[in-house]
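Notes for the one structure printed next.
Computation of the quantities below employed the complete heavy-atom set of this structure, encompassing side-chain atoms and omitting hydrogens, waters and symmetry-equivalent molecules. Protein chains get the first letters and strands the later ones, always in sequence-line order, with residue 1 at the start of each.
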Amino acid sequence: MELVRDGLNRYRIPRRGKMRVDAVIYVNDYLRRFLGEDKALEQLMNAACLPGVVEPVIGMPDIHEGFGLPIGGIMAVAPDGVISAGAVGMDINCGVRLIRTDLEARHFNKSLLRRLIERIEHYVPTGIGKKGKHQGITRRIFEEVVHRGVTAVIEAGFGRPGDEEYIEEMGCLPGADISACSRRACERGEVQLGTLGGGNHFIEIQRVTDIFDEELARSFGLFEGQLTIMIHTGSRGFGHQICTDYTNKLAAAAKRYGIELPDRGLACAPIDSPEGKAYYQAMACAVNYAFSNRQIIMADVARAFADVLGQSPEEMGFQLVYDVAHNIAKWEEHGGRRLLVHRKGATRALCAGHPANPPVYRRTGHPALIPGSMGTSSYVLVGTEKAAETFFSVNHGAGRLLSRTAAEKKITKEEFERAMGDVVYNVRSYKDLLDESPTAYKDIEQVIQTLVDRGITRKVARMCPLAVVKGVD
DNA sequence: ATGTTC
């Protein structure tokens, strides 16, 4: 593998063979040594072979092997190019939402934290295959939700009017059309709205431990010692079914259009073809569903806090800071060109003043939310003007070091408990938790620092976990 | 990530 150093913390794989453009990877010396351990770079080079791809295909410092495009991959495509389901991912609009409060974390001891996470679990179903507790409402508004996004669930009573101003795309990606979603996808989606799911998804109660930029932190409503809440989930079985359906449809379409696929996981079709358009319409449905899923869960978490603390959400200063997508394809303008940017395990991070920011964060740049692995710190970042070189994107997390199966084999219960330290968590079966052990992930500090040193992002705040609700049976 | 091995 030819990796050519291209400035600080940046390496280039020059175009060769069927690659149409170069690939670029952001790693520091610590992270660089992990690059050969999986197929992530080959997958990045495969993506560089697709029609219409725009220079460069990008790997973030948390890059690791995925389905088609690696997790931590960014692929921008010109309008005459292709759209790929595998380049968005199985969990469409997997993403993160950060909630601020006026509460001080020092008042929350372990027993109080335990009562809180137990109450959160009372309201929010967690684990694979779980069904929602608001089905009476969510089944009725499902079609509205996929077309109109969070506004539909706010109108149904979850959260407050105006919350949508604190969500990427205002909580609704345009162009959604439910007729592009299979019956099976809709059946899975209807009953799972308002559920957390499994894997790396979580609800976390955190303490703000570090403020790196006072002025920005104040603009985002964050202060040292503050209690914050982070919700990490996506589109559940709905998005999963859409990705599965369309990987099959797009693989067949690629054949018809004479597109050579370097990997079935990168199944794609021209953006303007009927198949490509249909995938976009279905993907947008799942994007809107996931924003809405996080909105419902936020309302349930607010209810859990109100029950335990005896205060209303308003009295607690409960307020959405921002909600970002980590797996999405969107039309954006870059360097005067309109591009379809696929981000898979990557976060949009616009700089201050960028016109695509939501109005509430236009002046500062919106918060980019980066969850740590279980038991480790999460970050609030902001993009800089130099982030133009990554299509205004940063990483999405720490990045896996061990695959799920490798982690299950290698990590012991004792190692897991040591790594979790004082964090309160909802364990019932270690089987479901070991593959999410912090020791199965890379060091988030190194991942963030790689991009900070490169100058494409700035740290605003760091939060450490106090208690975490994971998807366990 | 996932009614996880359609």
Exercise for the section: Remember a base hit wins even if backbone is also touched, and classify A:G198 as base, sugar-phosphate or nothing at under 4.0 Å, heavy atoms. Expected result: sugar-phosphate

Practice task
Using the ring of A:Y246 (Phe, Tyr or Trp, six-membered ring only), decide whether A:K249 places NZ or CZ under 6.0 Å from its centre and within 45 degrees of its axis.
Solution key: yes

Problem - A:E168-A:Y322 side chain donor-acceptor pair, cut-off 3.5 Å - result: no

Practice task
Could you check whether A:G234 gets within reach of a base, just the sugar-phosphate, or nothing at all, counting any heavy atom under 4.0 Å?
Solution key: nothing

Exercise for the section: Can you tell me the distance, in whole Å, between the CD atom of A:E187 and the C1' atom of B:dT2? Expected result: 17 Å

Handout entry: Nearest-Å distance for atom pair CG/P, residues A:D91 and B:dT4
Key = 16 Å

Problem - Distance in angstrom units between A:N248 CG and B:dT2 C1', rounded - result: 15 Å

Handout entry: ring-ring contact (aromatic ring centres under 6.0 Å, His included) partners of A:F220, counting only residues at least two apart
Key = A:Y361

Practice task
Please list, chain by chain and in numerical order, all residues satisfying side chain to side chain donor-acceptor pair (under 3.5 Å) with A:D422, sequence neighbours excluded.
Solution key: none

Exercise for the section: Using atom CD of A:E436 as one end and atom C1' of B:dT4 as the other, report the distance to the nearest whole Å. Expected result: 14 Å

Exercise for the section: For A:K470 and B:dT2, give me the distance from atom NZ to atom P, rounded to whole Å. Expected result: 11 Å

Practice task
Starting at atom CG of A:D245, determine the distance to atom P of B:dC6, rounded to an integer number of angstrom.
Solution key: 15 Å

Practice task
Would you kindly give the CD-to-C1' distance between A:Q241 and B:dT4, to the nearest whole Å?
Solution key: 13 Å

Problem - Interatomic distance, A:R184 CZ vs B:dT2 P [rounded to whole Å] - result: 16 Å

